[in-house]
Protein chains: 2
Amino acid sequence: MSSRSQVIADTLTRAVIDHRLVPGCKLGERELAEIFDVSRIVIRQALIRLADDGLAQIERNRGAFVAKPSMQEAMEIYDALTLVEQGVAAQLSDRLGPAGWAELRQHVERQRQAVAAGNDALADVLGQEFHTVFVRLSRNKVMQEIHAQLVRRTTLLRSLITADFDYCNLLDDHSRLIDLLEKGRLKQAMELIDTHHRTVVRGYIMDRQVFPELTPREALASFLEDKGNGAAKADAPKKTGKTSGDGHASAHRHTQSPKQIRQ
Amino acid sequence: MSSRSQVIADTLTRAVIDHRLVPGCKLGERELAEIFDVSRIVIRQALIRLADDGLAQIERNRGAFVAKPSMQEAMEIYDALTLVEQGVAAQLSDRLGPAGWAELRQHVERQRQAVAAGNDALADVLGQEFHTVFVRLSRNKVMQEIHAQLVRRTTLLRSLITADFDYCNLLDDHSRLIDLLEKGRLKQAMELIDTHHRTVVRGYIMDRQVFPELTPREALASFLEDKGNGAAKADAPKKTGKTSGDGHASAHRHTQSPKQIRQ
DNA sequence: AAACTATTGATTGGTATCCAATCTTGTGGT
DNA sequence: ACCACAAGATTGGATACCAATCAATAGTTT
């Protein structure tokens, strides 16, 4: 249904927020065209979409690269995210019904169980997803899209840094946030959101040089496999690219292997 | 410096927010390609940019049209705008220095003078611009871009409705907002922002059928003239497309002349 | 006459090929 | 070691072409 450039843009987006394509990585038209078996023009359209989303930057006559935000921009993204989530919190504290609170609590509970079961990967995804669910309850699609875009960009940021903190703390934050909001303690709730994000940022140490771990061809190998199967080609990337979680309750650490650097 | 598709996207954006191109208007590739004297591919890239910005919608195998948001979406856009401006207000009330407040007051003063001088067009632009200046003082480029996009979309909405209110009231709102914020009366300030936008929305009567006033060729005639001159071609559209004001303190009324309708 | 169907025409999405401008790189001379 | 210049590669764009699909018309049937 979607145009091919949209599918490819979604696939690339997924690759970026999964840290398979890291900031600074060159996204050559010819190379991508070969990988996706499509003409260069379709690739260019996909890259325009990525650039509009803030995940890539296109330099005239030099090509597209995975975006490499400055520390300043990183701060701004987190500030914007905080602002949005605080605003949504304010709205929800007024308008959210019992069913909504229940859904949030249930989500936290699922994450707690994942932690208890030692399934860190799932816990990670759920922790990220919480914020998305939170905003979804505002029932404002425009706001959802803005938030999703900001979240994607924070996820991109996590490629640039070495996170180092435990996320049990953050899970507690989610639980406490619900409590505060339901009790109408809006001011404290907003304070919590602020410190929550600040905790995340503070856990980050920005490495100025980031080393690509994978070439585009390696990073997108899974897509090539999918393409072999045939059916899953168009569906899978679209869905995961849009709905699946992203966020910042990660404890990953990236091994650094110098290879091809930009700047 | 920018790619041609970007320049064209900016030109089209300006035409849309100036209401020369109204919601539902068909944006045919071939027609635009002739108008701008470029290949269809460049046009398609420009249309992708517009669609990503929420100003156009592309339907597969049917083409691109100027976006025609539903009443629901209109509400969501205004809610999002309110949320963003409230958040910025909260930040500014803490962090803004005397110079900032002075800039805001000066801006209101300029608008007041324009009103006094009977220069309604200028007053309109300044009234719209106030919100942009307000957000700019947050010194957060990411937030600025989000806000600018939302403002563009509200401006698009104004094509869909018949506004009917005087904007002296809104000018007072701006002045009062500054007073409240500087005095730290944050809660009242946020309430004011909310009612400010609600006033705007309430002044609107959504007409379900919108009639294109101009064909793309007519709407973009000024561009064609510029192109004849040669020099002003690349500069003018770029600059105005990005910085010049948009907002909602308008008192325009659109005459309706049935012509080519969609749906 | 009204409703359904088929053909035609126009438009879009996409490919392949070509070209100019620009960037990068590597080589050679000093 | 350093600078200049030429060669190669890459991007931005034009053009021509094709298949798929939508819209609208004309024709057929009831």
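Keep in mind that what you see is a predicted model, and the values were worked out from it rather than measured. Labels below follow one simple rule: chain letters A, B, ... track the order of the sequence lines, proteins then strands, and each chain is numbered from 1.
Partners of R30(A) according to the side chain to side chain contact (heavy atoms under 4.5 Å, CB included) rule, which considers only residues two or more places apart in sequence or in another chain, are E34(A), R40(A). Residues passing the side chain to side chain contact (heavy atoms under 4.5 Å, CB included) test with E76(B), sequence neighbours excluded: N140(A), K141(A), V142(A), Q72(B). Residues that satisfy the side-chain hydrogen bond (donor to acceptor under 3.5 Å, both in side chains) test with E103(B), not counting sequence neighbours, are R136(B). With sequence neighbours left out, D52(A) forms a side-chain hydrogen bond (donor to acceptor under 3.5 Å, both in side chains) with no residue at all. Residues meeting the side chain to side chain contact (heavy atoms under 4.5 Å, CB included) test with N61(B), sequence neighbours left out: none. Scanning for ring-ring contact (aromatic ring centres under 6.0 Å, His included) contacts around F130(A) gives H174(A), with sequence neighbours left out. Every residue two or more places apart in sequence or in another chain that forms a side-chain hydrogen bond (donor to acceptor under 3.5 Å, both in side chains) with S5(A) is listed here: S3(A), R49(A).
Taking 4.0 Å as the cutoff to heavy atoms of chain B, we find the contact window on DNA chain D bounded by dG13(D) to dA23(D).
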Distances for protein N or O near nucleotides 10-16 of chain C N or O, under 3.5 Å:
from: dT12(C); atom 1: OP1; to: E29(B); atom 2: N; distance (Å): 3.1
from: dG13(C); atom 1: OP2; to: E29(B); atom 2: OE2; distance (Å): 2.9
from: dG13(C); atom 1: N7; to: R40(B); atom 2: NH2; distance (Å): 3.0
from: dG13(C); atom 1: N7; to: R44(B); atom 2: NH2; distance (Å): 3.3
from: dG14(C); atom 1: OP1; to: R4(A); atom 2: N; distance (Å): 2.9
from: dT15(C); atom 1: OP2; to: S39(A); atom 2: N; distance (Å): 3.3
from: dT15(C); atom 1: OP2; to: S39(A); atom 2: OG; distance (Å): 2.6

